[in-house]
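Inspection log for the structure reproduced underneath, given as structure tokens.
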Amino acid sequence: MATDYYAVLGVRRDASQDEIKKAFRRLARELHPDVNPDPKTQERFKEINAAYEVLSDPQKKQVHDLGGDPLSSSGGGGAGGFGAGGFGNFSDIMDAFFGQASQRGPRSRTRRGQDAMIRLDLELDEAAFGTTKDIQVDTAVVCNTCSGEGAAPGTSAQTCDMCRGRGEVSQVTRSFLGQVMTSRPCPQCQGFGTVVPTPCPECAGDGRVRSRRSLTVKIPAGVENGTRIQLAGEGEVGPGGGPAGDLYVEIHELSHPTFQRRGDDLHCTVTIPMTAAALGTKCPLETLDGLEEIDIRPGTGSGQSIPLHGRGVTHLRGGGRGDLIVHVEVTTPGKLDAAQEDLLRQLAKLRGEERPMGQFAPGQQGLFSRLKDAFNGR
């Protein structure tokens with residue numbers, strides 16, 4: 001009975017060539033004799049190679065799909081063959097067994113440091129007009145004892161005697177493929193090519209230590225909550241005294257007791273009694289620019305707004321400022337004494353409003369309803 005090569009690779013019968021190739025490479029990495037020397041594993045490895053040889057060749061795959069055995073009929077590579085349908089070349093073999101080729105040469109002990117971030121609280125006026133802040137940053141800095149070298153004073157790194165400075169060691173193994181050479185990072189120097197016999201006692205050979213330092217940050221006018229200011233080279237110093245990463249200062253704008261910020265505009269609400277709304281009044285307001293009087297004109301109704309142009313937040317990009325919008329809320333007295341009630345009744349009589357009929361109008365439509373009516377031609 002012919003071998004089911006789809007089952008050998010664990011793929012569906014309608015699998016694409018890419019799926020077949022991926023399944024074969026995954027199994028090849030697991031079952032290669034250099035990875036698993038068990039004799040049963042070697043037989044299994046031969047099976048998956050034969051399966052890939054058949055399923056990667058359109059003609060052999062067609063014979064297999066029709067129920068035949070293309071390896072026995074064609075005299076091809078057989079269960080242990082490495083014909084054109086198997087590995088294309090030596091690099092394919094290495095890719096399948098060991099993944100991508102390793103980087104040649106020793107690794108550098110000096111690497112770039114990580115970025116760091118700190119949150120900075122700002123009052124509304126500081127965000128609106130900009131400011132300068134002194135902040136404390138706790139990050140890794142270059143070790144002053146070894147100047148980032150990692151070796152104790154008076155000593156230095158030495159060439160690894162195992163890999164002789166190459167950072168990797170090679171090993172030749174024999175298998176039914178023939179002699180196969182593999183390379184791996186040197187276990188003695190961890191791939192650096194050098195060893196530090198006497199590490200620096202201050203940084204334990206890392207070339208950096210943690211320290212708290214002060215920085216002065218200039219906050220531009222118009223920043224808002226969540227804005228991040230980048231300070232290049234002020235982050236963590238890298239291992240081996242490598243270049244520092246960046247420091248990001250994230251702005252957190254504190255809430256204001258009077259104003260609410262929406263973009264570059266400021267909003268607030270002033271509550272006045274019914275009599276002040278009818279007669280008009282002036283209300284003092286402490287703005288970001290100082291004390292100003294808000295002119296409430298006679299007859300102002302609840303819900304109206306009074307704009308103060310150019311009293312908002314400075315635009316972060318470009319000149320000018322946003323506006324300050326004062327929303328008016330009129331309160332109606334709930335309880336009246338006899339004298340107050342009598343006065344209001346007299347006012348209502350003078351204005352002819354003793355029994356007002358009221359004016360009714362259609363309810364306010366939302367945007368969706370108005371668009372729907374427009375499409376329907378109403």
Side-chain angles (χ1 to χ4, degrees), residues 94 98-122 126-127 130-171 181-221 223 226-252 316:
M94 299 306 294
F98 311 111
Q100 297 179 350
S102 62
Q103 294 182 353
R104 298 295 180 182
R107 295 190 296 134
S108 174
R109 291 184 180 274
T110 302
R111 300 193 301 276
R112 182 184 185 274
Q114 294 183 342
D115 296 337
M117 186 173 70
I118 186 172
R119 195 176 83 162
L120 180 62
D121 293 337
L122 291 182
E126 294 176 323
T131 185
T132 300
K133 287 283 188 177
D134 292 328
I135 60 175
Q136 299 291 321
V137 183
D138 186 8
T139 59
V141 298
V142 175
C143 175
N144 290 327
T145 303
C146 66
S147 300
E149 296 294 331
T155 67
S156 61
Q158 298 179 3
T159 301
C160 176
D161 57 8
M162 177 175 286
C163 66
R164 297 183 180 180
R166 291 184 294 119
E168 60 183 14
V169 292
S170 300
Q171 181 180 8
M181 178 179 290
T182 60
S183 297
R184 58 189 177 89
C186 175
Q188 180 168 292
C189 66
Q190 308 301 319
F192 294 116
T194 59
V195 293
V196 182
T198 310
C200 172
E202 185 69 22
C203 64
D206 191 39
R208 55 182 183 168
V209 294
R210 299 204 70 84
S211 176
R212 176 165 294 183
R213 54 199 174 96
S214 298
L215 288 175
T216 300
V217 184
K218 184 177 181 181
I219 308 299
V223 295
T227 300
R228 291 185 179 181
I229 301 173
Q230 181 181 10
L231 302 179
E234 296 292 351
E236 301 274 350
V237 167
D246 298 335
L247 174 66
Y248 291 87
V249 179
E250 185 176 77
I251 301 302
H252 178 249
L316 182 60

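Note that the coordinates shown come from a computational prediction; the quantities given were computed from them, not determined experimentally.
Counting non-hydrogen atoms of other residues, nucleotides and ligands closer than 6.0 Å to CZ of R213 gives a total above 12. Few gaps surround CD on E236; more than 12 heavy atoms of other groups in view lie less than 6.0 Å from it. With a 6.0 Å radius and a threshold of 12 heavy atoms from other residues, nucleotides or ligands, Q114 has its CD atom at or below the threshold.
At least one side-chain heavy atom of Q136 sits under 4.5 Å from a side-chain heavy atom of S214. P199 places none of its side-chain heavy atoms less than 4.5 Å from the side chain of T155. You'll find the side chain of L247 stays beyond 4.5 Å of the side chain of D115, heavy atoms only. Between P187 and V169, some side-chain heavy-atom pair lies under the 4.5 Å cut-off. The shortest distance between side-chain heavy atoms of V196 and R109 falls below 4.5 Å.
A distance of 9.5 Å separates CD in Q158 from OG1 in T194, rounded to the nearest 0.5 Å. I229 CD1 to I118 CD1: the interatomic distance, rounded to the nearest 0.5 Å, is 12.0 Å. Interatomic distance, SG of C189 versus CZ of R166, reported as 10.0 Å (0.5 Å rounding). Note: I135 CD1 to R119 CZ = 13.5 Å, rounded to the nearest 0.5 Å. Rounding to the nearest 0.5 Å gives a distance of 9.0 Å between CD1 of I219 and CD of E126. Note that the OG1 atom of T131 and the CG atom of L120 stand 9.0 Å from one another [nearest 0.5 Å].
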For V217 and T132, run side chain to side chain contact (heavy atoms under 4.5 Å, CB included): C-alpha distance rounded to whole Å, both residues' side-chain angles, the deciding distance at 0.1 Å, then the answer.
CA-CA 6 Å; V217 184; T132 300; over 6 Å; no
With side chain to side chain contact (heavy atoms under 4.5 Å, CB included) as the test, would you mind laying out the steps for E234 and T139 before giving the verdict?
CA-CA 9 Å; E234 296 292 351; T139 59; over 6 Å; no
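The minimum heavy-atom distance between C203 and V209, with the atom names listed, is CB-CG1, 3.8 Å. Annotation for V195 and C160: closest pair CG1-CB, 4.3 Å, computed over non-hydrogen atoms. The heavy-atom pair separating A157 from A151 by the smallest distance is N-CB, 4.4 Å. Listed here is the closest heavy atom pair of P106 and F192: CB-O, 3.2 Å.
A side-chain donor from one of Q188 and D161 sits under 3.5 Å from a side-chain acceptor of the other.
For R112 and D246, the salt-bridge test passes: some basic side-chain N is under 4.0 Å from an acidic carboxylate O.
Contacts of M117 classified as side-chain contact (heavy atoms from CB on, under 4.5 Å), with partners at least two apart in sequence or in another chain: R228, Y248, E250.
Proximity of a side-chain donor or acceptor of R208 to a complementary backbone N or O of V237 within less than 3.5 Å is detected. No side-chain donor-acceptor contact under 3.5 Å links R111 to the backbone of G240.
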